[in-house]
Amino acid sequence: MTILDNYRLDGKVALVTGASHGIGEGVAVAFAQAGADVAIAARNTDDLGRVAERVREAGRRVAVVQTDVADMAQLERMLTQTVDQLGEPDILANVAGTTLRKQILDVTLEEYDRVFAVNLRSVYFASQAFVRRLLAREASWGKVINIASMTSYRGFDGSSVYGATKSAIVNLTKMQAIEWAPLGVRVNAIAPGWIDTPLTAGMAVSRRQWVEEHVPQGHYGVPEDIAGLALYLASPVSDYCTGQTFPVDGGFTAGSPWPNPVGQVSNYT
Ligand SMILES: NC(=O)c1ccc[n+]([C@@H]2O[C@H](COP(=O)([O-])OP(=O)(O)OC[C@H]3O[C@@H](n4cnc5c(N)ncnc54)[C@H](O)[C@@H]3O)[C@@H](O)[C@H]2O)c1
């Protein structure tokens, strides 16, 4: 036995929401490659079929659980379908998320409620249902992984509703962690910087340029950048870690480079 064995998820069952593409797909495939059977949830079954194939290619069992996480009845069913097909889950990754790019003065109540239902309410109640199941079977080990954002840390115009949900994720992660520490459930969040996924594909060219200029590494990340940390947080190797939010952002939360091209003018003169 070496420390690398503690990165494995053999014998575990993981449930990943928002697994039909982007970060959720990367996380689901990483979990399968580390040895977990994986239930993949999202609204779109076409894309889920492709992700299911990738989990099978990793040699693991997969359950495709079509779910609108904004629908409370479907959210509850997502857990029971996972149990029916794969057994009791040990790991929950709450990745499903949606965005809204609108100035505060233009946001409607319906838009506000939709984003909060997908990004925050679903995380709250999926986690609650998951931990209730752990308690019912007297499990003493479980992992919850939530997804925050750069908008958890600072303001961006047109991101008020999305940012409010993602700031709340940081706080909810702490609350879940302290209430559930005595149960052996560890809860952590990942705050991705700008990651190339369908969610960011529609960003205006000018915004993309802004990102490339302000992220020290100078480019977007890929879903696997997030999946690596998700695997760490899901596996026993991180068992003493709970209640934290970890940025994976090419250095953005550390600061931004001066606006002079690297290699032409020293940053120090
Ligand atoms: N891509 C980024 O730069 C970035 C940055 C910070 C945070 N995030 C967060 O990461 C998470 C994943 O984002 P992504 O970039 O992979 O986006 P994506 O659009 O590629 O994937 C979003 C996933 O969530 C699912 N989803 C959306 N609404 C749903 C609903 N109502 N019910 C069930 N599933 C639903 C989609 O089907 C999809 O599988 C989100 O929580 C997002 O806020 C992304």
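When a ligand or atom number is given, it counts from 1 through the structure's own listing order.
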*With Lys143 via salt bridge (Lys or Arg N to Asp or Glu O under 4.0 Å) - residues at least two apart*: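 Lys143: salt bridge (Lys or Arg N to Asp or Glu O under 4.0 Å) contacts with Asp239.
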*Partner residues of Lys102 under the salt bridge (Lys or Arg N to Asp or Glu O under 4.0 Å) criterion, sequence neighbours left out*: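 With sequence neighbours excluded, Lys102 shows a salt bridge (Lys or Arg N to Asp or Glu O under 4.0 Å) to Glu111, given in chain and number order.
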*asked:* Taking side-chain contact (heavy atoms from CB on, under 4.5 Å) as the definition, give me every residue that meets it alongside Ala70, ordered by chain and number, with sequence neighbours left out.
replied: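 In terms of side-chain contact (heavy atoms from CB on, under 4.5 Å), with neighbours along the sequence ignored, Ala70 is linked to Asp68, Ala117, Val118.
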*Leu9 versus Ile91, closest heavy-atom pair with distance*: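 Heavy-atom minimum between the residues: CD2-CD1, 4.0 Å.
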_From Thr98, Thr108, Asn119, residue fulfilling side chain to side chain donor-acceptor pair (under 3.5 Å) relative to Arg114_ =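 In the set Thr98, Thr108, Asn119, the residue that makes a side chain to side chain donor-acceptor pair (under 3.5 Å) with Arg114 is Thr98.
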*Mark yes or no for whether Gln66, through its side chain, and Arg43, through its backbone, hold a donor-acceptor pair below 3.5 Å.*
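Present.
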*Heavy atoms under 4.0 Å from ligand 1: which residues qualify?*
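For ligand 1, the residues that come within the 4.0 Å heavy-atom cutoff are Gly18, Ala19, Ser20, His21, Gly22, Ile23, Ala42, Arg43, Thr67, Asp68, Val69, Val95, Ala96, Gly97, Val118, Ile147, Ala148, Ser149, Tyr162, Lys166, Pro192, Gly193, Trp194, Ile195, Thr197, Pro198, Leu199, Thr200.
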